[in-house]
Amino acid sequence: MNTFRTSPPDIHHINSLNFEHVEAIVLNNGIRCYRMPNRELGVTKLDVLWPFGTREQENKYVARTSLALALSGTDKLTAEQINEEFEYQGTSYGHETQMLQSVLHLKCKKSAFLSSFSFFLENYNSAIYPDNEIVNYAQIEKAGLMRKMQTPGYWAHRLCFESLFEKDSPMASFADSSDIALLKKAHLIAFHEQFLSLQNATYILSGETGDDIFNEVKMKLEALPRPKFEGNPNSIHEDYTPILGVTISKHMEHSHQVSLYMGMPFGPISETEIHQFALLNMLLGGFFGSRLMQEIREEKGLTYGIGSYITQSNTGNVWCISGEMNAQNVDLAREAILNILTGLSSHPPMGDELEKAKRYYSGQLRSSFDGPFALPGKIKNMLVRGYSYQYYDSALDTIWKTSSDDLCQIAYNYLKPDSFNTVLAGDIRE
Amino acid sequence: MAKTENLEYQDGFDSAKRTFYIAYCNKGEGQYLCSVIEFEKFTLPNGLRVIHHYDPDSTIVILNILYNCGARDEEINKTGFAHLFEHLMFGGSLNIPEYDVQVENAGGSNNAFTCNDYTNYYITVPAENAETAFWLESDRMLQLDFSQKSLDVQRGVVIEEFKQRCFNAPFGMLWHHLRSLLYKSHPYQWPTIGLKLEHVEHATLEDVKKFYFEHYLPENAIMCVGGKIDLKETIRLTEKWFGSINRTGAANKNQYAAEQPQLEKRFLEETDLSPDPAVFIAWRGPKFADPESISLELFADMLGGSESSPLYLELVKKTAAFSSAECFYMRNLDDGVFIIYGILNAGTTHAEGEKQLMDILKRTAAGQFITERNLEMVKNKTSTHLLFEHTNLLNKAQKLCFFENIGSASLINREAEDYLRPGFENILELAATTFNQDHASIVYYSPKK
């Protein structure tokens with residue numbers, strides 16, 4: 001045995017993030033534009049971000065469909081022609097709709113960027129939402145949803161959130177196939193005009209972002225009218241008190257496992273507190289060395305995956321725990337989870353356990369800034385959640401200063417085992 | 001931007017210390033952008049091949065290790081081992097009982113994947129803590145700490161993974177079904193998760209030890225060290241930590257039972273969780289190293305790669321017979337697979353669905369729905385995709401190892417050009433001879449009652 005192998009190499013604390021300078025400008029018409037550092041990569045990416053999502057929709061599926069079909073036809077071009085032109089330029093575009101945001105991105109060769117960008121602006125603004133495209137989209141979405149509904153994980157998540165939020169809350173806004181059938185062209189156009197117009201968006205440029213590109217982008221955006229909304233319109237609130245501590249079961253005939261999902265809502269927290277909550281979550285079930293992962297998967301082999309995370313709601317946050325397991329293991333796993341939750345305040349993380357989580361968190365945070373397309377994600381996160389640069393600037397300091405007592409206090413105040421609603425979906429024979 | 005008239009690929013280290021540069025590949029009439037990834041290569045006396053790729057803009061270091069053993073190296077009555085073993089690799093090694101604890105202490109992360117052809121492990125750490133990655137990876141190459149407890153726990157985990165992926169998801173058993181039809185001799189006949197749950201359930205400590213000592217050898221591994229670490233330091237740390245590993249054995253010769261040409265139609269009818277019926281049709285195709293495998297990939301992309309391709313326009317949009325229809329070519333180191341499939345809407349029978357899929361395939365192969373412009377489109381898309389892929393450090397490290405495993409890491413710099421080479425007529429000619437309905441493997445799925 002080589003004795004030098006038994007002791008680890010020196011480990012250095014991570015005390016700085018690689019948050020490079022980002023150029024942020026507000027154009028004459030009020031549109032915001034961000035330019036990431038220029039890198040000679042041969043490719044340019046544009047993220048178009050709207051701080052609007054499913055929270056704003058009155059009819060389920062409208063926000064998502066409105067964005068998905070925004071490049072599906074104009075008076076001059078069909079969906080196929082638009083797709084073909086992008087493809088011929090070697091450009092791909094994608095989109096994503098969440099509760100608080102909608103994002104469309106263009107990924108282009110640098111040489112094709114300006115023509116793709118112009119083509120995008122022209123066609124996005126002239127979207128007519130052809131009837132055949134809506135019918136086709138609805139049919140595909142419906143089939144996809146029906147398949148998703150065959151999985152225990154879908155129902156465990158859905159039933160948990162439906163138990164925590166009011167029926168019409170954006171947090172419990174799970175669509176059924178009947179909702180998809182009700183999609184109307186007028187709703188899509190109205191949502192597009194009110195929320196997803198080009199002037200309501202923020203533009204984030206990354207990759208090759210030289211002056212030739214940036215100046216042209218600014219010029220084209222300045223030709224747009226003024227935004228209809230200024231800043232982040234986080235104005236929708238709800239006042240609803242759910243019944244907590246309940247258990248819901250859903251048996252699914254052909255399932256071979258049980259999906260367990262637990263959720264507990266808690267109020268808003270400040271941008272500096274978030275890192276402490278995230279650290280506690282990490283210790284609970286946010287990484288391989290977490291208590292949930294070690295005890296339930298690595299020690300007892302009860303699940304393939306088990307973890308916890310915090311998801312933002314329109315009024316605050318939800319602490320979630322989820323995992324899929326054999327039916328015979330459910331009681332053991334539940335008991336272990338509840339013990340771990342209780343243990344976070346009675347036996348708070350300290351010493352090596354806490355130190356390891358801090359090191360892991362700081363290392364991961366640093367790594368998350370790596371690569372030419374990492375920064376746009378950080379900017380989007382800040383814009384959508386209304387955070388300042390302080391959110392990242394103070395992150396490492398907050399992490400390293402967090403004490404065992406701090407975490408114990410958060411666990412005691414916020415992580416209440418009795419307040420989690422639990423859903424078991426799948427092979428529930430009893 | 002550097003511009004060269006004729007690209008010459010060399011395994012040379014660029015003193016300008018740039019990640020890669022952009023050059024023009026001259027092919028045919030057009031010019032296409034492609035990136036040139038620079039790297040250095042060296043081999044330790046114990047056989048470990050090392051690739052170094054410097055990225056000064058990065059703040060991290062990645063160690064990616066490819067072991068030349070995958071599910072195709074398993075025995076037919078002991079399948080799922082390569083994957084089970086991948087799990088055991090995190091259970092601690094001779095001098096380091098808790099692998100993950102040390103990764104996390106260094107602020108790093110790690111993961112792995114197993115495929116039929118090989119198994120790939122990677123660890124990412126902040127550049128300041130690069131040596132920890134060398135320490136950890138070398139120790140588990142030196143010797144794993146086998147324990148019955150670790151095996152028992154990971155067996156349980158893998159069984160749950162098997163159930164989650166295969167039994168609890170629509171079309172979760174697809175690869176079991178298709179592979180059993182497509183391959184009769186070659187070990188591609190089972191998926192990496194394993195042919196049967198029982199194989200994993202019955203795995204013994206002796207079985208896994210045998211697998212390790214046979215395959216996890218320095219000379220059966222390729223390591224890429226990428227990120228903010230220079231060549232000198234890479235050599236120093238590699239020699240320090242990996243140089244003393246003296247385990248010897250035979251490098252994998254990758255010899256497997258050859259498949260005979262499929263001269264008959266093979267058919268399977270199954271029930272599935274999917275609420276809609278579906279038809280999958282597949283053929284075996286050329287190996288990765290065969291340029292025709294790229295031609296079939298480009299053909300698949302023209303036929304069904306986007307919402308403006310004929311498969312989608314004709315079968316989903318115009319006829320509404322399918323709620324989705326797609327196709328792709330999966331390039332393997334041995335025989336690849338071309339798959340075309342459709343999920344049927346109410347009113348379309350399996351037989352009708354099969355007929356329509358075959359019809360569109362044949363007509364497209366005859367040049368009915370596509371032109372040279374479609375080929376240009378998919379080539380443009382692919383070259384953009386490769387440029388984006390090369391902006392990601394982990395992607396680069398994994399691809400460098402992959403290409404080294406099949407011959408030379410420098411192939412990474414020929415990849416874009418390889419995709420530009422096939423001509424339209426040649427692709428159609430190949431497609432016309434490949435998709436014989438009488439030699440197809442077909443699976444019909446109906447919803448479980």
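Every value quoted in this text rests on a predicted model; they were computed, and no experiment measured them.
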(request) Take atom CE of A/M146 as the centre, draw a 6.0 Å sphere, and report whether it contains more than 12 heavy atoms from other residues, nucleotides or ligands. (result) no

(message) Ignoring hydrogens and geometry beyond distance, is a side-chain donor-acceptor pair present between A/Y360 and B/D100 at under 3.5 Å?
(response) no

(message) Checking side-chain polar atoms at under 3.5 Å, does B/T384 have a donor or acceptor matched by the opposite partner on A/K107?
(response) no

Which bit of [X] is near chain A, if near means a heavy-atom gap under 4.5 Å: side chain, backbone, both or neither?
X      : value
B/L313 : side chain
B/Y312 : side chain
B/K318 : neither
B/F171 : side chain
B/S138 : both
B/N345 : side chain
B/N168 : both

Contacting moiety of [X], where chain B heavy atoms sit under 4.5 Å:
X      : value
A/N326 : both
A/S16  : neither
A/S362 : neither
A/L302 : backbone
A/D352 : neither

Got a sec, which residues hit ring pair (Phe, Tyr, Trp, His ring centres under 6.0 Å) with [X], two or more places apart in sequence or on another chain?
X      : result
B/F388 : A/F373
A/Y154 : none
A/F288 : none

(request) Without swapping roles, check the side chain of B/E104 against the backbone of A/G289 for a donor-acceptor pair under 3.5 Å. (result) yes

(message) Whether the side chain of A/K142 engages the backbone of B/S323 through a donor-acceptor N/O pair (distance < 3.5 Å, no angle test) should be reported.
(response) no

What pair of heavy atoms forms the shortest contact from [X] to [Y], and how long is it?
X      : Y      : answer
B/L387 : A/V43  : CB-CG1, 3.5 Å
B/S308 : A/E80  : CB-O, 3.9 Å
B/G107 : A/Q364 : O-NE2, 3.2 Å
A/T303 : B/V157 : O-CG2, 3.6 Å
B/A169 : A/T151 : CA-CG2, 4.3 Å

(request) Determine, step by step, whether A/E298 and B/Q154 satisfy the side-chain contact (heavy atoms from CB on, under 4.5 Å) criterion, reporting the C-alpha distance in whole Å, the side-chain angles of both residues, the deciding distance to 0.1 Å, and the verdict. (result) CA-CA 7 Å; A/E298 290 302 297; B/Q154 292 308 322; 3.0 Å; yes

Between [options], which has the largest tally of heavy atom pairs under 4.5 Å with chain B?
options                       : value
A/S92, A/P152, A/A112         : A/P152
A/Q89, A/H13, A/E133          : A/E133
A/N83, A/D427, A/N136, A/N132 : A/N136

Could you tell me which of [options] has the largest number of non-hydrogen atom pairs under 4.5 Å with chain A?
options                        : answer
B/V125, B/N105, B/V153         : B/N105
B/V316, B/I159, B/V378         : B/V316
B/P170, B/G305, B/P126, B/P275 : B/P275
B/N129, B/N392, B/I343         : B/N129
B/Q102, B/K240, B/K381, B/Q164 : B/Q164
B/R373, B/H385, B/K149         : B/R373

Return the [atom1] to [atom2] distance between [X] and [Y], rounded to the nearest 0.5 Å.
X      : Y      : atom1 : atom2 : answer
B/L273 : A/R147 : CG    : CZ    : 12.0 Å
A/I82  : B/E307 : CD1   : CD    : 11.5 Å
A/Q150 : B/K448 : CD    : NZ    : 10.0 Å
B/M377 : A/E85  : CE    : CD    : 9.0 Å
A/S367 : B/L394 : OG    : CG    : 11.5 Å
B/I60  : A/D370 : CD1   : CG    : 4.0 Å

(request) Kindly state whether the ring of B/W135 and the ring of A/F4 have centres lying under 6.0 angstrom apart. (result) no

(request) Identify the residues of residues 250-260 of chain A whose heavy atoms come closer than 4.5 Å to a heavy atom of chain B, ordered by number, or report 'none'. (result) A/H254, A/S255, A/H256, A/Q257

(request) Dump the intermediate steps for salt bridge (charged side-chain N to carboxylate O under 4.0 Å, His left out) on A/R366 and B/E128, then the final yes or no. (result) CA-CA 11 Å; A/R366 157 83 81 75; B/E128 299 91 315; 2.6 Å; yes

(request) Find out whether B/S309 and A/E87 are in side-chain contact, i.e. whether some heavy atom of one side chain is under 4.5 Å from a heavy atom of the other. (result) no

(message) Within the 4.5 Å heavy-atom criterion, are B/S306 and A/F86 side-chain neighbours or not?
(response) no

(message) side-chain contact (heavy atoms from CB on, under 4.5 Å), that's the test. Do B/T391 and A/R39 meet it? Break it down for me.
(response) CA-CA 10 Å; B/T391 65; A/R39 300 266 185 94; over 6 Å; no

